[in-house]
Asks: 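Sharing a structure with you now.
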Number of protein chains: 2
Amino acid sequence: MDRIDTAILKLLAADARAPVSQVAAAVGLSQSACTRRIQALEANRLLRGYGARLDHRRLGFRVTALVDITLGTQVEEDLAQFEAAVGKIDGVVECALVSGGQDYRLKILCRDLDDYERLHREHLGRLPGVVTINSSFVLREVPTRGEGDALFGGPR
Amino acid sequence: MDRIDTAILKLLAADARAPVSQVAAAVGLSQSACTRRIQALEANRLLRGYGARLDHRRLGFRVTALVDITLGTQVEEDLAQFEAAVGKIDGVVECALVSGGQDYRLKILCRDLDDYERLHREHLGRLPGVVTINSSFVLREVPTRGEGDALFGGPR
DNA sequence: TTTCCTTGGGAACGCCGATGCGCATGGGAA
DNA sequence: TTCCCATGCGCATCGGCGTTCCCAAGGAAA
(Lines give C-alpha, C1' and ligand atoms only; values in the text may rest on other atoms or scores of the structure.)
Protein backbone atom coordinates (compact mmCIF):
# COMPACT_ATOMS: atom_id res chain seq x y z
CA MET A 1 0.00 0.00 0.00
CA ASP A 2 1.66 3.16 -1.18
CA ARG A 3 0.54 6.39 -2.72
CA ILE A 4 -0.11 4.76 -6.06
CA ASP A 5 -2.37 2.11 -4.57
CA THR A 6 -4.41 4.71 -2.77
CA ALA A 7 -4.74 6.69 -5.96
CA ILE A 8 -5.95 3.60 -7.79
CA LEU A 9 -8.51 2.84 -5.10
CA LYS A 10 -9.69 6.41 -5.13
CA LEU A 11 -10.21 6.36 -8.86
CA LEU A 12 -11.97 3.01 -8.80
CA ALA A 13 -14.17 4.15 -5.94
CA ALA A 14 -15.32 7.04 -8.09
CA ASP A 15 -15.76 5.00 -11.28
CA ALA A 16 -15.33 1.27 -11.08
CA ARG A 17 -15.79 0.77 -14.79
CA ALA A 18 -13.08 3.19 -15.82
CA PRO A 19 -10.70 1.49 -18.25
CA VAL A 20 -7.53 0.28 -16.60
CA SER A 21 -5.56 2.18 -19.23
CA GLN A 22 -7.19 5.40 -18.03
CA VAL A 23 -6.46 4.64 -14.39
CA ALA A 24 -2.92 3.71 -15.28
CA ALA A 25 -2.37 7.00 -17.08
CA ALA A 26 -3.83 8.94 -14.15
CA VAL A 27 -1.45 7.34 -11.66
CA GLY A 28 1.54 7.31 -14.00
CA LEU A 29 1.82 3.60 -14.60
CA SER A 30 1.63 1.26 -17.55
CA GLN A 31 -1.48 -0.79 -18.12
CA SER A 32 0.14 -4.02 -17.07
CA ALA A 33 1.57 -2.66 -13.86
CA CYS A 34 -1.77 -1.11 -13.01
CA THR A 35 -3.61 -4.33 -13.73
CA ARG A 36 -1.27 -6.23 -11.44
CA ARG A 37 -1.77 -3.66 -8.70
CA ILE A 38 -5.52 -4.01 -8.96
CA GLN A 39 -5.27 -7.79 -8.90
CA ALA A 40 -3.13 -7.58 -5.78
CA LEU A 41 -5.61 -5.23 -4.12
CA GLU A 42 -8.40 -7.67 -4.90
CA ALA A 43 -6.36 -10.61 -3.63
CA ASN A 44 -5.58 -8.77 -0.40
CA ARG A 45 -9.27 -8.03 0.00
CA LEU A 46 -8.69 -4.32 0.21
CA LEU A 47 -10.92 -4.23 -2.83
CA ARG A 48 -13.93 -6.34 -2.05
CA GLY A 49 -15.80 -5.94 -5.30
CA TYR A 50 -17.69 -3.53 -7.47
CA GLY A 51 -21.27 -2.33 -7.36
CA ALA A 52 -23.66 -0.24 -9.38
CA ARG A 53 -25.00 2.99 -7.95
CA LEU A 54 -28.75 2.89 -8.30
CA ASP A 55 -31.11 5.83 -8.05
CA HIS A 56 -33.61 4.64 -5.47
CA ARG A 57 -36.05 7.44 -6.03
CA ARG A 58 -36.22 6.99 -9.76
CA LEU A 59 -36.70 3.28 -9.18
CA GLY A 60 -39.75 4.01 -7.10
CA PHE A 61 -38.23 3.72 -3.63
CA ARG A 62 -38.96 7.12 -2.22
CA VAL A 63 -38.71 6.35 1.47
CA THR A 64 -35.46 5.85 3.33
CA ALA A 65 -35.94 4.99 6.98
CA LEU A 66 -33.28 5.17 9.66
CA VAL A 67 -34.43 2.93 12.45
CA ASP A 68 -33.06 2.62 15.96
CA ILE A 69 -33.86 -0.62 17.74
CA THR A 70 -33.05 -1.43 21.35
CA LEU A 71 -33.02 -4.95 22.68
CA GLY A 72 -34.01 -6.16 26.10
CA THR A 73 -31.05 -8.44 26.32
CA GLN A 74 -27.30 -8.24 25.94
CA VAL A 75 -26.63 -11.94 25.74
CA GLU A 76 -24.56 -12.70 22.71
CA GLU A 77 -26.79 -15.57 21.63
CA ASP A 78 -29.80 -13.27 21.59
CA LEU A 79 -27.92 -10.70 19.59
CA ALA A 80 -26.91 -13.33 17.08
CA GLN A 81 -30.49 -14.48 16.78
CA PHE A 82 -31.66 -10.93 16.22
CA GLU A 83 -28.99 -10.31 13.63
CA ALA A 84 -29.78 -13.48 11.74
CA ALA A 85 -33.42 -12.43 11.53
CA VAL A 86 -32.58 -8.91 10.42
CA GLY A 87 -30.30 -10.19 7.69
CA LYS A 88 -33.20 -11.88 5.98
CA ILE A 89 -35.49 -8.87 5.71
CA ASP A 90 -35.75 -7.37 2.26
CA GLY A 91 -35.33 -3.63 2.39
CA VAL A 92 -32.77 -3.58 5.15
CA VAL A 93 -29.60 -2.42 3.46
CA GLU A 94 -27.54 -1.63 6.53
CA CYS A 95 -27.54 -2.78 10.12
CA ALA A 96 -24.98 -2.11 12.81
CA LEU A 97 -24.64 -2.76 16.50
CA VAL A 98 -23.60 0.52 18.03
CA SER A 99 -22.25 1.79 21.31
CA GLY A 100 -24.37 3.73 23.76
CA GLY A 101 -27.11 1.47 25.03
CA GLN A 102 -27.35 -1.95 23.49
CA ASP A 103 -28.99 -1.02 20.23
CA TYR A 104 -28.94 -1.40 16.52
CA ARG A 105 -29.23 1.16 13.79
CA LEU A 106 -30.71 0.13 10.48
CA LYS A 107 -31.18 1.74 7.14
CA ILE A 108 -34.24 0.58 5.26
CA LEU A 109 -35.43 1.31 1.74
CA CYS A 110 -39.15 1.29 0.96
CA ARG A 111 -41.43 2.29 -1.86
CA ASP A 112 -43.59 4.52 0.33
CA LEU A 113 -44.86 4.91 3.86
CA ASP A 114 -47.47 2.22 3.40
CA ASP A 115 -44.74 -0.12 2.37
CA TYR A 116 -42.77 0.82 5.46
CA GLU A 117 -45.78 0.32 7.66
CA ARG A 118 -46.18 -3.16 6.30
CA LEU A 119 -42.51 -3.95 6.81
CA HIS A 120 -42.67 -2.53 10.31
CA ARG A 121 -45.69 -4.62 11.20
CA GLU A 122 -44.69 -7.86 9.52
CA HIS A 123 -40.98 -7.92 10.16
CA LEU A 124 -39.52 -5.33 12.50
CA GLY A 125 -42.17 -5.83 15.15
CA ARG A 126 -41.57 -9.56 15.13
CA LEU A 127 -37.85 -9.45 15.58
CA PRO A 128 -36.77 -11.37 18.70
CA GLY A 129 -35.90 -9.43 21.83
CA VAL A 130 -36.96 -6.01 20.60
CA VAL A 131 -37.98 -3.47 23.24
CA THR A 132 -38.23 -0.21 21.32
CA ILE A 133 -38.29 0.79 17.69
CA ASN A 134 -37.65 4.38 16.72
CA SER A 135 -38.07 5.39 13.10
CA SER A 136 -36.78 8.48 11.35
CA PHE A 137 -37.28 9.25 7.71
CA VAL A 138 -34.82 10.90 5.40
CA LEU A 139 -36.18 14.23 4.23
CA ARG A 140 -33.19 15.22 2.18
CA GLU A 141 -29.84 13.67 1.39
CA VAL A 142 -26.94 16.04 1.67
CA PRO A 143 -24.25 15.55 -0.95
CA THR A 144 -20.98 14.64 0.73
CA ARG A 145 -17.53 13.77 -0.38
CA GLY A 146 -17.25 10.37 -1.92
CA GLU A 147 -15.87 7.38 -0.13
CA GLY A 148 -12.56 7.78 -1.89
CA ASP A 149 -12.13 11.32 -0.64
CA ALA A 150 -13.15 10.30 2.85
CA LEU A 151 -10.52 7.60 3.05
CA PHE A 152 -7.67 9.18 1.18
CA GLY A 153 -8.35 12.87 1.43
CA GLY A 154 -10.07 15.18 -0.96
CA PRO A 155 -8.44 17.48 -3.52
CA ARG A 156 -5.32 18.92 -1.98
CA MET B 1 -38.51 -0.75 -16.87
CA ASP B 2 -39.62 -4.32 -16.99
CA ARG B 3 -38.57 -7.55 -15.41
CA ILE B 4 -35.45 -7.78 -17.54
CA ASP B 5 -34.27 -4.31 -16.58
CA THR B 6 -34.68 -5.06 -12.90
CA ALA B 7 -32.76 -8.28 -13.33
CA ILE B 8 -29.95 -6.41 -15.04
CA LEU B 9 -29.80 -3.81 -12.29
CA LYS B 10 -29.79 -6.49 -9.66
CA LEU B 11 -26.89 -8.28 -11.28
CA LEU B 12 -24.92 -5.09 -11.79
CA ALA B 13 -25.58 -4.04 -8.21
CA ALA B 14 -24.01 -7.27 -7.06
CA ASP B 15 -21.07 -7.15 -9.45
CA ALA B 16 -20.63 -4.07 -11.56
CA ARG B 17 -17.70 -5.53 -13.46
CA ALA B 18 -19.49 -8.65 -14.55
CA PRO B 19 -19.07 -9.15 -18.28
CA VAL B 20 -22.07 -7.97 -20.25
CA SER B 21 -22.14 -11.35 -21.96
CA GLN B 22 -22.62 -12.99 -18.59
CA VAL B 23 -25.38 -10.59 -17.59
CA ALA B 24 -27.02 -11.11 -20.96
CA ALA B 25 -26.99 -14.87 -20.54
CA ALA B 26 -28.43 -14.59 -17.04
CA VAL B 27 -31.38 -12.52 -18.19
CA GLY B 28 -31.88 -14.38 -21.46
CA LEU B 29 -30.80 -11.72 -23.89
CA SER B 30 -28.11 -11.32 -26.48
CA GLN B 31 -25.09 -9.20 -25.74
CA SER B 32 -26.19 -6.42 -28.02
CA ALA B 33 -29.68 -6.16 -26.58
CA CYS B 34 -28.26 -6.22 -23.08
CA THR B 35 -25.76 -3.49 -23.85
CA ARG B 36 -28.53 -1.29 -25.20
CA ARG B 37 -30.58 -1.86 -22.07
CA ILE B 38 -27.68 -0.87 -19.88
CA GLN B 39 -27.00 2.22 -21.94
CA ALA B 40 -30.66 3.19 -21.68
CA LEU B 41 -30.59 2.70 -17.90
CA GLU B 42 -27.55 4.93 -17.67
CA ALA B 43 -29.13 7.56 -19.92
CA ASN B 44 -32.29 7.54 -17.81
CA ARG B 45 -30.18 7.97 -14.71
CA LEU B 46 -31.60 4.91 -13.08
CA LEU B 47 -28.01 3.75 -13.12
CA ARG B 48 -25.93 6.57 -11.74
CA GLY B 49 -22.53 4.97 -12.00
CA TYR B 50 -20.30 2.29 -10.62
CA GLY B 51 -18.14 2.19 -7.53
CA ALA B 52 -15.56 -0.03 -5.89
CA ARG B 53 -16.34 -1.64 -2.55
CA LEU B 54 -13.45 -0.87 -0.25
CA ASP B 55 -12.63 -2.62 3.00
CA HIS B 56 -12.35 0.28 5.42
CA ARG B 57 -10.91 -1.76 8.24
CA ARG B 58 -8.14 -3.26 6.16
CA LEU B 59 -7.37 0.19 4.86
CA GLY B 60 -6.79 1.38 8.39
CA PHE B 61 -10.14 3.03 9.04
CA ARG B 62 -11.36 1.12 12.02
CA VAL B 63 -13.86 3.60 13.39
CA THR B 64 -17.28 4.23 11.92
CA ALA B 65 -19.20 6.93 13.74
CA LEU B 66 -22.92 7.54 13.45
CA VAL B 67 -23.49 11.11 14.53
CA ASP B 68 -26.76 12.87 15.30
CA ILE B 69 -26.66 16.63 15.10
CA THR B 70 -29.47 18.97 16.05
CA LEU B 71 -29.59 22.55 14.91
CA GLY B 72 -30.94 25.56 16.75
CA THR B 73 -32.67 26.86 13.70
CA GLN B 74 -35.09 25.69 11.08
CA VAL B 75 -34.54 28.49 8.62
CA GLU B 76 -33.79 27.08 5.23
CA GLU B 77 -30.83 29.39 4.70
CA ASP B 78 -29.20 28.15 7.88
CA LEU B 79 -29.77 24.57 6.88
CA ALA B 80 -28.18 25.22 3.53
CA GLN B 81 -25.20 26.83 5.20
CA PHE B 82 -24.82 23.86 7.52
CA GLU B 83 -25.09 21.41 4.67
CA ALA B 84 -22.53 23.22 2.58
CA ALA B 85 -20.08 23.09 5.46
CA VAL B 86 -20.73 19.41 6.11
CA GLY B 87 -20.19 18.55 2.49
CA LYS B 88 -16.61 19.73 2.68
CA ILE B 89 -15.50 17.61 5.62
CA ASP B 90 -13.34 14.65 4.74
CA GLY B 91 -14.57 11.53 6.44
CA VAL B 92 -18.25 12.34 6.21
CA VAL B 93 -19.58 9.77 3.77
CA GLU B 94 -23.28 10.25 4.41
CA CYS B 95 -25.44 13.04 5.70
CA ALA B 96 -29.21 13.29 5.75
CA LEU B 97 -31.79 15.65 7.12
CA VAL B 98 -34.31 13.49 8.92
CA SER B 99 -37.77 13.85 10.38
CA GLY B 100 -38.39 14.00 14.11
CA GLY B 101 -36.82 17.14 15.45
CA GLN B 102 -34.80 19.23 13.04
CA ASP B 103 -31.65 17.15 12.94
CA TYR B 104 -29.10 15.53 10.73
CA ARG B 105 -27.64 12.07 10.81
CA LEU B 106 -24.13 11.55 9.54
CA LYS B 107 -21.91 8.60 8.93
CA ILE B 108 -18.24 9.29 9.41
CA LEU B 109 -15.18 7.15 8.73
CA CYS B 110 -12.05 7.63 10.82
CA ARG B 111 -8.76 5.87 11.38
CA ASP B 112 -9.25 5.65 15.15
CA LEU B 113 -10.82 7.43 18.06
CA ASP B 114 -8.06 10.02 18.20
CA ASP B 115 -8.76 10.79 14.61
CA TYR B 116 -12.43 11.15 15.40
CA GLU B 117 -11.70 13.39 18.35
CA ARG B 118 -9.70 15.66 16.08
CA LEU B 119 -12.44 15.72 13.47
CA HIS B 120 -15.02 16.38 16.15
CA ARG B 121 -13.04 19.28 17.58
CA GLU B 122 -11.86 20.86 14.36
CA HIS B 123 -14.88 20.38 12.15
CA LEU B 124 -18.07 19.11 13.75
CA GLY B 125 -17.88 21.51 16.67
CA ARG B 126 -17.46 24.44 14.33
CA LEU B 127 -20.40 23.72 12.10
CA PRO B 128 -22.81 26.67 12.02
CA GLY B 129 -25.97 26.47 14.08
CA VAL B 130 -25.19 23.26 15.93
CA VAL B 131 -26.85 22.75 19.30
CA THR B 132 -26.11 19.14 20.15
CA ILE B 133 -23.84 16.44 18.79
CA ASN B 134 -24.46 12.84 19.70
CA SER B 135 -21.93 10.23 18.59
CA SER B 136 -22.37 6.48 18.39
CA PHE B 137 -19.73 4.08 17.21
CA VAL B 138 -20.28 0.97 15.19
CA LEU B 139 -19.28 -2.07 17.20
CA ARG B 140 -20.21 -4.62 14.60
CA GLU B 141 -21.69 -4.52 11.13
CA VAL B 142 -24.46 -7.00 10.53
CA PRO B 143 -24.47 -8.56 7.07
CA THR B 144 -27.69 -7.67 5.28
CA ARG B 145 -29.17 -8.33 1.92
CA GLY B 146 -27.55 -6.39 -0.84
CA GLU B 147 -29.02 -3.30 -2.37
CA GLY B 148 -30.27 -5.28 -5.30
CA ASP B 149 -32.23 -7.67 -3.12
CA ALA B 150 -33.62 -4.78 -1.10
CA LEU B 151 -34.98 -3.06 -4.17
CA PHE B 152 -36.06 -5.97 -6.28
CA GLY B 153 -36.61 -8.72 -3.78
CA GLY B 154 -34.31 -11.48 -2.70
CA PRO B 155 -34.29 -15.08 -3.91
CA ARG B 156 -37.87 -16.15 -4.34
C1' DT C 1 -53.60 -3.66 -45.08
C1' DT C 2 -49.88 -0.68 -44.87
C1' DT C 3 -46.66 1.93 -42.38
C1' DC C 4 -43.98 3.12 -38.55
C1' DC C 5 -41.77 2.27 -34.34
C1' DT C 6 -39.80 -0.56 -31.07
C1' DT C 7 -36.88 -4.27 -29.76
C1' DG C 8 -33.99 -8.28 -30.35
C1' DG C 9 -30.38 -11.15 -32.79
C1' DG C 10 -26.17 -11.77 -35.67
C1' DA C 11 -21.62 -10.49 -37.20
C1' DA C 12 -17.59 -7.54 -37.65
C1' DC C 13 -14.56 -4.34 -35.91
C1' DG C 14 -11.85 -2.21 -32.50
C1' DC C 15 -10.36 -1.97 -27.94
C1' DC C 16 -9.37 -3.56 -23.60
C1' DG C 17 -7.37 -6.52 -20.23
C1' DA C 18 -4.42 -10.51 -18.93
C1' DT C 19 0.01 -12.85 -19.25
C1' DG C 20 4.94 -13.85 -20.32
C1' DC C 21 9.31 -12.01 -20.85
C1' DG C 22 13.24 -9.01 -20.19
C1' DC C 23 15.23 -5.41 -17.51
C1' DA C 24 16.21 -2.09 -13.89
C1' DT C 25 16.54 -1.04 -9.08
C1' DG C 26 17.37 -1.82 -4.25
C1' DG C 27 18.49 -4.37 -0.17
C1' DG C 28 21.05 -8.18 2.19
C1' DA C 29 24.95 -11.27 2.85
C1' DA C 30 29.57 -12.73 2.28
C1' DT D 1 32.66 -3.86 -2.52
C1' DT D 2 30.53 -7.42 -5.05
C1' DC D 3 27.21 -10.73 -5.98
C1' DC D 4 22.55 -12.34 -5.72
C1' DC D 5 17.83 -12.42 -5.23
C1' DA D 6 13.50 -10.24 -4.85
C1' DT D 7 10.48 -6.80 -6.28
C1' DG D 8 8.23 -4.11 -9.64
C1' DC D 9 7.86 -1.91 -14.15
C1' DG D 10 7.40 -1.67 -19.30
C1' DC D 11 6.76 -3.83 -23.75
C1' DA D 12 4.50 -6.91 -26.77
C1' DT D 13 1.19 -10.38 -27.68
C1' DC D 14 -3.11 -12.73 -27.72
C1' DG D 15 -7.62 -13.82 -26.48
C1' DG D 16 -11.87 -11.99 -25.25
C1' DC D 17 -15.07 -8.56 -24.60
C1' DG D 18 -17.88 -4.64 -25.80
C1' DT D 19 -19.75 -1.60 -29.24
C1' DT D 20 -22.02 -0.83 -33.30
C1' DC D 21 -23.61 -1.48 -37.48
C1' DC D 22 -27.66 -3.91 -40.20
C1' DC D 23 -31.66 -6.63 -40.65
C1' DA D 24 -35.80 -9.14 -39.05
C1' DA D 25 -39.99 -9.71 -36.28
C1' DG D 26 -43.93 -8.08 -33.77
C1' DG D 27 -47.38 -4.66 -32.40
C1' DA D 28 -49.94 -0.27 -32.84
C1' DA D 29 -52.02 3.30 -35.38
C1' DA D 30 -53.87 5.23 -39.56
Asks: Would you indicate which nucleotide in dT19(D), dC9(D), dA18(C) comes nearest to any side-chain atom of T35(A)?
Replies: dA18(C)
Asks: Pair I108(B), E94(B) - check side-chain contact (heavy atoms from CB on, under 4.5 Å), show working.
Replies: CA-CA 7 Å; I108(B) 298 180; E94(B) 289 181 27; over 6 Å; no
Asks: Could you state the atom-to-atom distance from CE of M1(A) to P of dT7(D) in whole Å?
Replies: 18 Å
Asks: Round to the nearest Å and state the distance from L41(A) atom CG to dG17(C) atom P.
Replies: 16 Å
Asks: Quickly, which of D68(B), D103(B), T70(B) forms a side chain to side chain donor-acceptor pair (under 3.5 Å) with T132(B)? Name it, please.
Replies: T70(B)
Asks: Give a yes or no on whether a salt bridge exists between D15(B) and R53(B), defined as a side-chain N under 4.0 angstrom from a carboxylate O.
Replies: no
Asks: Under 3.5 Å, is there any donor-acceptor pair linking the side chain of R36(A) to the base of dG10(D)?
Replies: yes
Asks: Without decimals, in angstroms, what is the distance between Q22(B) CD and dG16(D) P?
Replies: 15 Å
Asks: Could you check how far CD of Q39(B) sits from C1' of dC21(D), rounded to whole Å?
Replies: 13 Å
Asks: For L29(B) and dA25(D), give me the distance from atom CG to atom P, rounded to whole Å.
Replies: 18 Å
Asks: Pick base, sugar-phosphate or nothing for S21(A), based on heavy-atom distances below 4.0 Å to the nucleic acid.
Replies: sugar-phosphate
Asks: Rounded to whole Å, please give me the gap between CG in L12(A) and P in dG17(C).
Replies: 11 Å
Asks: Under 4.0 Å between a side-chain N/O of Q31(B) and OP1 or OP2 of dT20(D), yes or no?
Replies: no
Asks: dG9(C), OP1 or OP2 - any side-chain N/O from S32(B) closer than 4.0 Å?
Replies: no
Asks: Examine the base of dG18(D) for any acceptor or donor lying under 3.5 Å from a partner atom in the side chain of R17(A), and report the outcome as yes or no.
Replies: no
Asks: Report yes or no: is there a donor-acceptor pair, N or O only, under 3.5 Å between the side chain of S30(A) and the base of dC11(D)?
Replies: no
Asks: Do NZ/NE/NH1/NH2 and the carboxylate oxygens of R48(B) and E42(B) come within less than 4.0 Å?
Replies: no
Asks: Using a cut-off of less than 4.0 Å, is there contact between a side-chain N or O of R37(B) and OP1 or OP2 of dG8(C)?
Replies: yes
Asks: Do the rings of F82(A) and Y104(A) sit parallel, tilted or perpendicular, given the 30° and 60° boundaries?
Replies: tilted
Asks: Can you measure I38(A) atom CD1 to dT19(C) atom P for me and round it to whole angstrom units?
Replies: 13 Å
